[in-house]
Amino acid sequence: MAAPLKKLTSIVQKATAKHTATVVFIHGLGDSGAGWAPVGEQLGEYLPHVKFIFPNAPNQPVTLNYGMSMPSWYDIKELGNLDQDQDEAGMLQSRQKIMQIIREEIEENGIPANRIIVGGFSQGCVVGLLTGLTSEFKFAGIVSLSGYMPLHKKIMNMVADANRKTPIFWGHGDCDQVVRYDFGKQSVELLKENKYNVKFNTYRGLGHGSSNQELGDLLRFLKEVLPEEQA
């Protein structure tokens with residue numbers, strides 16, 4: 001019998017008004033939920049009804065890091081060639097752990113799936129996409145920052161129908177030195193070819209990170225798909 005999945009720890013920023021929506025945002029390789037918590041605080045000033053959850057990846061050996069352990073959602077062999085074998089088992093296990101958080105929001109906190117956004121940055125973007133595209137729950141939106149399509153050769157055989165029309169916000173810097181801008185473009189093209197509702201936002205001169213311009217665009221997206229409910 002398989003051992004139960006160990007529950008993730010998370011940095012949680014509670015809604016400052018009545019909690020009616022949740023954003024689950026997944027950090028990148030070597031980071032933690034605390035790395036993105038200040039962004040949640042910044043966005044939360046304009047979204048008082050939204051709770052932000054920033055899960056922490058477990059420590060595990062990463063081939064790209066010469067086998068040393070670091071916070072990681074799955075193993076990465078190299079980032080220069082997406083046709084290399086991707087760690088499907090690791091990706092799927094992380095997806096399960098993120099789904100535990102989402103189910104808890106729905107079942108224990110009473111937040112409907114269509115008031116939940118899932119997404120992330122870099123490696124977290126990959127897990128967020130995998131979760132959003134394959135989930136049976138219809139989400140309010142998916143946020144993909146500076147990442148790439150998981151399991152791109154087979155992902156379209158794995159997707160569920162629930163989020164085929166769900167708005168996807170994709171942001172990528174055209175000077176990204178870690179996850180190539182072309183990988184982001186190719187991923188968005190694959191989504192568009194399969195009729196997904198994705199908007200690709202290019203940030204000129206931005207490397208592997210975020211910017212005030214991107215966060216401003218993201219805030220507008222969040223306000224649009226997670227409007228404050230009128231009493």
Side-chain angles (χ1 to χ4, degrees), residues 23-29 64 73-92 94-95 98 114 116-211 213-222 224-225:
V23 172
V24 180
F25 192 87
I26 308 161
H27 67 75
L29 180 68
L64 187 70
W73 297 107
Y74 54 87
D75 189 27
I76 298 176
K77 293 185 172 66
E78 67 166 292
L79 281 170
N81 179 8
L82 294 187
D83 286 328
Q84 286 286 323
D85 287 341
Q86 295 185 30
D87 178 15
E88 181 175 352
M91 288 179 177
L92 291 173
S94 288
R95 174 204 177 277
I98 297 300
N114 65 5
I116 294 174
I117 282 179
V118 63
F121 172 80
S122 192
Q123 194 189 41
C125 163
V126 177
V127 174
L129 268 172
L130 181 61
T131 304
L133 297 180
T134 61
S135 176
E136 70 274 23
F137 295 124
K138 168 78 172 83
F139 296 124
I142 298 169
V143 173
S144 303
L145 306 183
S146 304
Y148 56 90
M149 183 68 74
L151 309 171
H152 61 286
K153 291 182 177 179
K154 64 188 293 188
I155 184 67
M156 290 304 157
N157 294 321
M158 300 168 66
V159 296
D161 286 333
N163 290 293
R164 284 196 178 271
K165 295 184 179 179
T166 297
I168 301 173
F169 177 97
W170 196 299
H172 214 123
D174 66 355
C175 292
D176 195 323
Q177 70 281 22
V178 178
V179 177
R180 282 171 30 197
Y181 175 69
D182 283 351
F183 292 166
K185 279 181 69 177
Q186 291 163 17
S187 298
V188 169
E189 284 164 10
L190 179 61
L191 287 167
K192 286 183 174 179
E193 285 167 11
N194 287 275
K195 311 301 184 193
Y196 279 88
N197 179 15
V198 57
K199 184 181 179 189
F200 187 51
N201 301 272
T202 297
Y203 298 97
R204 303 293 176 198
L206 179 65
H208 195 60
S210 192
S211 67
Q213 183 187 355
E214 182 179 61
L215 294 179
D217 291 343
L218 176 58
L219 176 59
R220 279 186 283 277
F221 174 79
L222 295 178
E224 184 179 332
V225 299

What residues, two or more places apart in sequence or in another chain, satisfy side-chain hydrogen bond (donor to acceptor under 3.5 Å, both in side chains) together with [X]?
| X | value |
| --- | --- |
| K185 | none |
| K154 | E88 |
| N157 | none |
| Y203 | D217 |

Identify all side-chain donor-acceptor contacts of residues 130-146 below 3.5 Å with residues at least two apart in sequence or on another chain.
from: T131; atom 1: OG1; to: V127; atom 2: O; distance (Å): 2.8
from: T134; atom 1: OG1; to: R95; atom 2: NE; distance (Å): 2.6
from: T134; atom 1: OG1; to: L130; atom 2: O; distance (Å): 2.5
from: S135; atom 1: OG; to: F137; atom 2: N; distance (Å): 2.9
from: E136; atom 1: OE2; to: R103; atom 2: NH2; distance (Å): 3.2
from: K138; atom 1: NZ; to: T166; atom 2: OG1; distance (Å): 2.9

Contact check, side chains of [X] and [Y], non-hydrogen atoms, under 4.5 Å:
| X | Y | result |
| --- | --- | --- |
| N201 | E214 | no |
| E224 | F169 | no |
| L129 | I155 | no |
| M156 | Y196 | yes |
| W73 | H27 | yes |

Within residues 120-130 or reaching into it, pairs that qualify as salt bridge (Lys or Arg N to Asp or Glu O under 4.0 Å) - sequence neighbours excluded: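 Applying salt bridge (Lys or Arg N to Asp or Glu O under 4.0 Å) to every pair that reaches into residues 120-130, excluding sequence neighbours, yields nothing.
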Can you list every salt bridge (Lys or Arg N to Asp or Glu O under 4.0 Å) pair that touches residues 116-128, not counting sequence neighbours?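 Counting only pairs at least two positions apart or across chains, no salt bridge (Lys or Arg N to Asp or Glu O under 4.0 Å) contact touches residues 116-128.
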Contacts of type side-chain contact (heavy atoms from CB on, under 4.5 Å), residue D174, not counting sequence neighbours: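 Checked D174 against side-chain contact (heavy atoms from CB on, under 4.5 Å); matches are Y181, T202, R204.
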Quick one: list whatever passes side-chain contact (heavy atoms from CB on, under 4.5 Å) with V225, sequence neighbours left out.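 V225 satisfies side-chain contact (heavy atoms from CB on, under 4.5 Å) with I117, P167, F221 only.
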Can you tell me how far [atom2] of [Y] sits from [atom1] of [X], rounded to the nearest 0.5 angstrom?
| X | Y | atom1 | atom2 | value |
| --- | --- | --- | --- | --- |
| L64 | E78 | CG | CD | 8.5 Å |
| Q177 | L79 | CD | CG | 11.0 Å |
| L191 | R164 | CG | CZ | 10.5 Å |
| M158 | L151 | CE | CG | 5.5 Å |
| S94 | Q123 | OG | CD | 7.5 Å |

Closest heavy-atom contact between V179 and S122?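 Smallest heavy-atom distance, with atoms named: CG2-OG, 4.0 Å.
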Would you name the heavy atoms of W170 and M149 that are closest together and state the gap between them?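 Here W170 and M149 meet closest at CH2-N, 4.3 Å.
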Under the salt bridge (Lys or Arg N to Asp or Glu O under 4.0 Å) test, residues paired with D182 that sit two or more places apart: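 Counting only residues at least two positions away or on another chain, D182 forms no salt bridge (Lys or Arg N to Asp or Glu O under 4.0 Å).
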With E193, which residues qualify under salt bridge (Lys or Arg N to Asp or Glu O under 4.0 Å), at least two apart?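 Here no residue qualifies.
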Using the ring centroid of each side chain, check whether F121 and H208 are separated by less than 6.0 Å.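 Close enough - the centres of the two rings lie under 6.0 Å apart.
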Which residues share a ring-ring contact (aromatic ring centres under 6.0 Å, His included) with Y74, sequence neighbours left out: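 Partners of Y74 by the ring-ring contact (aromatic ring centres under 6.0 Å, His included) criterion come out as none, since no residue qualifies.
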Taking atom NZ of K199 as the centre, report whether more than 12 heavy atoms of other residues, nucleotides or ligands fall under 6.0 Å from it.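 No, the 6.0 Å shell around NZ holds no more than 12 heavy atoms from other groups.
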Assess whether side-chain contact (heavy atoms from CB on, under 4.5 Å) is satisfied between H152 and Q86, documenting all intermediate values. CA-CA 9 Å; H152 61 286; Q86 295 185 30; 3.5 Å; yes
